[in-house]
Amino acid sequence: MHRTALQRLCTFKNVHRGLKSDIRLMETNISRLQQRYVRPAPTWDSNELCQLLSDSDGWDDDVVKEEKKIETRYGKTPKRIREDEEDDDVQIVAIKTENKRQLDQFLQRVSSRSATATATATTIDSMPLRSKTMGPVFSALQTPVSRERSAQPGVRSFTTSAVTQTRSTHKNNLASYSKDLQDLPLIPPKLRRSPSFEDPECSSPPVTTDDDADRIEPQQKRSSKRSKNHELVFLTQKEEREGSEEVASRANSNITKKLVQGLVLSEEQEYVIELAKKGHNLFYTGSAGTGKSVLLRVLIKTLRRKYGNENVAVTASTGLAACNIGGITVHSFAGIGLGQGDKKALLKKVKRSKKHCARWSEIHALVIDEVSMIDGDLLDNLDFIAKSLRKSWAPFGGIQIILSGDFFQLPPVNKNNNSATKFAFHAGAWKEAIESTIMLQKVFRQQGDAEFVRMLNEMRMGNISTETEADFKKLSRSLPEDDIIPAELYSTRNEVDRANMSRLNSLPGRCHTYNAIDGGIMKDELQKQKLLSNFLAPKELKLKIGAQVMMIKNMDETLVNGSLGKIIDFIDQTTYMFYDTVKKNPEIETSRLESMIEGKIPVNDNSDEDDNNQKVIRRKSDKDSFCRVGSQLPHDKLDESIFDFLMTDTDNLTVSQKRNIERKKELLEAIKESSGGRKLPFVRFLTPDGSSRLVLVQPEDWAVEDEHQKPLVSRIQLPLMLAWALSIHKSQGQTLPKVKVDLRRIFEKGQAYVALSRATCREGLQVLNFNKSKVQAHESVIEFYRTLTSAQEARKRVVDSTVRKQSGSHAPATTTKMIHKQHEVRQDRITSMLQRKNKKNLHDLDPEILDAVADEYIDVDAGS
Ligand SMILES: Nc1ncnc2c1ncn2[C@@H]1O[C@H](COP(=O)(O)OP(=O)(O)OP(=O)(O)O)[C@@H](O)[C@H]1O
C-alpha cells in the first residue's frame, strides 16, 4: 500500500499545478516514504522543490498563483530564489511530458537564465523497471546516467503517460496517499540536498566504498560535483529493452566503472559483483593481494543496497579479518560461542538467544571472509542452524552465501592434531550451496614488483626453485631506517610477546601493570591454568603511554576484535566522565564545571545517551573490583591531544574564548589529580572508515562455561594486547608496506606464504630464517584449485547454461571428453596464431591459461 502511495506521490509531484495543497507536507511525506523504501534516502532541498515546481511544470498562467503560494510558505518567490542562485550552482531537475513544444520552451528558458547551465537528457530506458513505475521524479534521482543534450541530437520521445494520467486523477491521489501516510511514523523533513542517490537495481551507478569522494580520483571528483553545476535532467519515457545496444554500451561505458578508494575494479572483480547482484551463492578466491577484501567491501555495499543494511550479515573467520571489512566474527554473528559441540547443541545454544534467532531468520545474505580458516564442520553446522531456524531446506535456509578467501593461506585451527584438516570446501553444505566459483588472477598488492609476485606464487604452491630460495635468502638484510617502523610478524605467541615487550621497554614513561582476576568453578588447578592460558587476554598486561595496542573483544560496530590503537593517557572514570561532559558540550560554562569539581553538581555520566563510549563504560558490577585496585602512582599531566576537540579554529578565537579553554584544561587536570580511582588506558583507536575514536578501555570478562552456562574458568582483564608485533595468524588480510618476518618457528602449511605476501615489494620486506623445507601447501587444496575457473571461464559457463535453458535443451553438461576436444581445437588455433605472431609454442600450458590466452588472441585477431 505504501509503495503505491509513494508512486502516486512522485508522479503527483510532477503535476503539482492542479494541487493547491501543502507543499511542506509533501516534502515531509516524500522524505518519509523515501526513507522507508529506498536507501540512502534522497532528500530534497526546498529550493530544488521550488525550482521543480516553478520550472518544470509551471510556465503558464498558473505559475504566478503558484509563486504567490510558495512565497507565503518560504518567504520568497521562486523568481527571487532563481535570482539568488543565478550563479550559485544548483542542480535543477526537470521532468517533462510528451509535449515536445513545452520541452523546447523549457530548454530555452533555462539557457536564457544562466550562461553556465548545462542541459542534459536522460531516457527512461536507462532506468531500472522499478523506478519507472515509481514515477519520473524518482527516476531522475535514481538515474545517475545523463547525457548532454548537445550529445543527443533531438530529444527522443516524450510519452510520460504517468504525468498525463495523474493530471486527471491527482485529487483522488491526494486523498488516497494522505490516508496511506497516516500509518507511517512521523519523521521531520530533511531539506538537504542529496544528489548522489543510487538505486540498488540500477545497473550503472559508480560504486565507492565508505571512504568517500576525497579518495576518488580527480576525474571522478569532478563528476561527483555534478550538483555544483546548473544541470537539467529531462526525462523521456520509453520501454526498457533488455539487452538493447544502448543498454549494453552503457554497461561497458566508463561511467559504469566501479570506483573504490581511487581504484577501478578490474573486469574480473566486476564480474563477481554482477553474479552477487543476481543472487548467486558464490565463492571467489585468488592469491594474496588480488583484491578479495577490496572487492568484498564493494560487494557488501551492493548487497546492502539490494537487501537493506541490516539484512546482510558481514562476517569473517577471525576478528582481525572481520575488522578489515567492518564486520564481526562468524561465531559472534551465529551466536554459537566457541562453536564447540555438535550441531544440535549449537542450535540449542542459538535458540536461547532471541537476538541471534531473529538475525538468522531475517538476513538475506551472509558474507564470510577468510573462509580458508573456517572448519568444514562449522560450515555444515551453520547450514543446519540456518535451515532449522528458517524452516527451509534450501541451502542455508535460502540465505544468499558469499564466501571469499584463499585456501593456500592459513587453514582452520586443527583441534585434533591427528585428524586431517577438514576445509570448508569439504563440507556437504559447500557442495550444496555454492553455485559459482571464481578465481581472481590479477595481483594488485605487489603489482610494482613482478619478480616478487612470481616468487610468491612458487611459495604458494609449496614448490620453490633453487633460484627463488636464493632470492628469498637475500632478503635477510636489515631494512633501511626511516620514519616507518616495520611491523614484525612471528609464528608463535611467545615470540610476539617478547618482541612487544622489548618495544615497550624502549618507551619512556611509567609502566602500568594490570593483573587479571581469574575465577571459575573448576577444581583441577592444572586443567584450569591450561584453559586460562588459551585466553587471548594475558594474566599480566603491561602498558605505557605511546604503546600500540589491539582490541581483543568486539565492543560495537566500530570497535572490534582487531581494532588497532595507541594509548594516549591513563585516566580514571570520574576524570573520563568529566572529560566526556566537556567534549559533548564544549560551550559548557566553566562555573558549572567548577561546581562539579566541588561536588555541588554530580558529574554527568550521560547514562541515558546512546553513546557507544558510554556503553563501554557501563560494565557489570563484578568488574568494579578490577577498577577499585587503587593506584597510588604520582600524577602525570594530561596529554595535550586529549584537548583536540577544544582546539578547532583557534585562530578566530577571542581572548576570552581562549581563556575559557585554558580554564577547562586546568579543571580537567585538577579533577584528574584529585580523583583516586584506578587509572585505565585512554586509547585512540582507528575505526574501519579511517577516522579515530577515543575510548577509555574498561575491564572485560572471558569464560569457558559448562553445559549449564556455569563458568568453569573465567578471567577479568582489559581487552587489550600490545600490537607492534603480530602473529602471522593475526596478520592475514593485512597489507604492510614495511614488514620484518621471522620464519624460524613456522608450524603450519600456508603460514610462510601469508607472512611474506603481506609485503608490497621486496624493498620493504626483511625475511629471517627462511627455510625452503618449511614452505608447504596442502595436497587437498592443490587438488581443489585444479577444479576452479577464471572469471572469464565462469562467465562463459553462465552464458552457456543460460542458452541451454533458453533453448529448452535438456542435454547434459559438456562431458570431460568434449572439454578436452575443445581444448585441443583451441590449442591448435592458438599455436597457429602464435606462430604467425612469432611467439613461443604454448602446448605445455595449463588449459586455463590457454583459455585466457585464446580469448585474448582471438579478440586481437578479430579486431585486426
Ligand atoms: N581494483 C584494484 N585496483 C588497484 N588496487 C587494488 C584493486 N583491488 C585491490 N587493490 C589493492 O591491492 C591490495 C590488496 O588488496 P586486498 O587486501 O583486498 O587483497 P586480498 O586478495 O584480500 O589479499 P589477502 O588474500 O592477502 O588478504 C590493497 O592495497 C588494495 O588497495
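Everything numeric in this text was worked out from a predicted model, so none of it was measured. First listed ligand is number 1; within each ligand, the first listed atom is number 1.
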Visitor: Is the contact between Asp406 and ligand 1 made by the side chain, the backbone, both, or neither, using heavy atoms and a 4.0 Å cut-off?
Guide: neither

Visitor: Polar-atom distance check: Phe444 versus ligand 1, any N or O pair below 3.5 Å?
Guide: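 For ligand 1, there is no N or O atom that lies under 3.5 Å from one belonging to Phe444.
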
Visitor: Measuring from the heavy atoms of Gly289, does anything fall under 4.0 Å of ligand 1?
Guide: yes

Visitor: Of the side chain and backbone of Val264, name the one, both, or neither that has a heavy atom under 4.0 Å from an atom of ligand 1.
Guide: backbone

Visitor: Short question: side chain of Asn500, backbone of Leu722 - any donor-acceptor pair under 3.5 Å?
Guide: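 Such a contact is found between Asn500 side chain and Leu722 backbone.
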
Visitor: Measuring from non-hydrogen atoms of Ser757 to any atom of ligand 1, is the shortest distance under 4.0 Å?
Guide: no

Visitor: Among residues two or more places apart or on two chains, list those pairs meeting ring pair (Phe, Tyr, Trp, His ring centres under 6.0 Å) that have a residue in residues 721-775.
Guide: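 Non-adjacent pairs meeting ring pair (Phe, Tyr, Trp, His ring centres under 6.0 Å): Phe472-Phe770.
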
Visitor: Can you name the one residue among Leu303, Leu296, Val298 that meets side-chain contact (heavy atoms from CB on, under 4.5 Å) with Ile300?
Guide: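 Exactly one pass, corresponding to Leu296.
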
Visitor: Do Phe407 and Phe784 have their ring centres less than 6.0 Å from each other?
Guide: yes

Visitor: Tell me which one of Lys292, Glu370, Glu267 gets a heavy atom nearest to atom 20 (P) of ligand 1.
Guide: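 Nearest option to atom 20 (P) of ligand 1, by heavy atoms: Lys292.
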
Visitor: Of the choices Ser266, Gly291, Ser372, which has the non-hydrogen atom that lies closest to atom 16 (P) of ligand 1?
Guide: Gly291

Visitor: Can a non-hydrogen atom of Arg758 be found less than 4.0 Å from any atom of ligand 1?
Guide: yes

Visitor: Could you give all pairs that pass the salt bridge (Lys or Arg N to Asp or Glu O under 4.0 Å) test and reach residues 424-434, with sequence neighbours left out?
Guide: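 Qualifying pairs, neighbours excluded: Lys387-Glu432.
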
Visitor: At less than 4.0 angstrom from any non-hydrogen atom of Thr290, what atoms of ligand 1 do you find?
Guide: 19 (O), 21 (O)

Visitor: Please confirm whether the ring centroid of Trp360 lies under 6.0 Å from the ring centroid of Phe333.
Guide: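 Between Phe333 and Trp360, which both carry aromatic rings, the centre distance is below 6.0 Å.
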
Visitor: Any idea which atoms of ligand 1 are less than 4.0 Å away from a heavy-atom of Leu265?
Guide: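 By the 4.0 Å cutoff, the relevant atoms are 1 (N).
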
Visitor: Can you tell me if Gln409 contacts ligand 1 (heavy atom of the residue under 4.0 Å from the ligand)?
Guide: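 Within the 4.0 Å threshold, so yes.
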
Visitor: So, is the end of the Arg460 side chain (NZ or CZ) under 6.0 Å from the ring centre of Tyr785 and within 45° of the ring's axis?
Guide: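 Geometry flag: set, cation within 6.0 Å and 45°.
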
Visitor: Are the side chain of Gln446 and the backbone N or O of Ala759 linked by a donor-acceptor pair below 3.5 Å?
Guide: yes

Visitor: Below 4.0 Å, non-hydrogen atoms only: which portion of Gln734 touches ligand 1? Side chain, backbone, both or neither.
Guide: neither

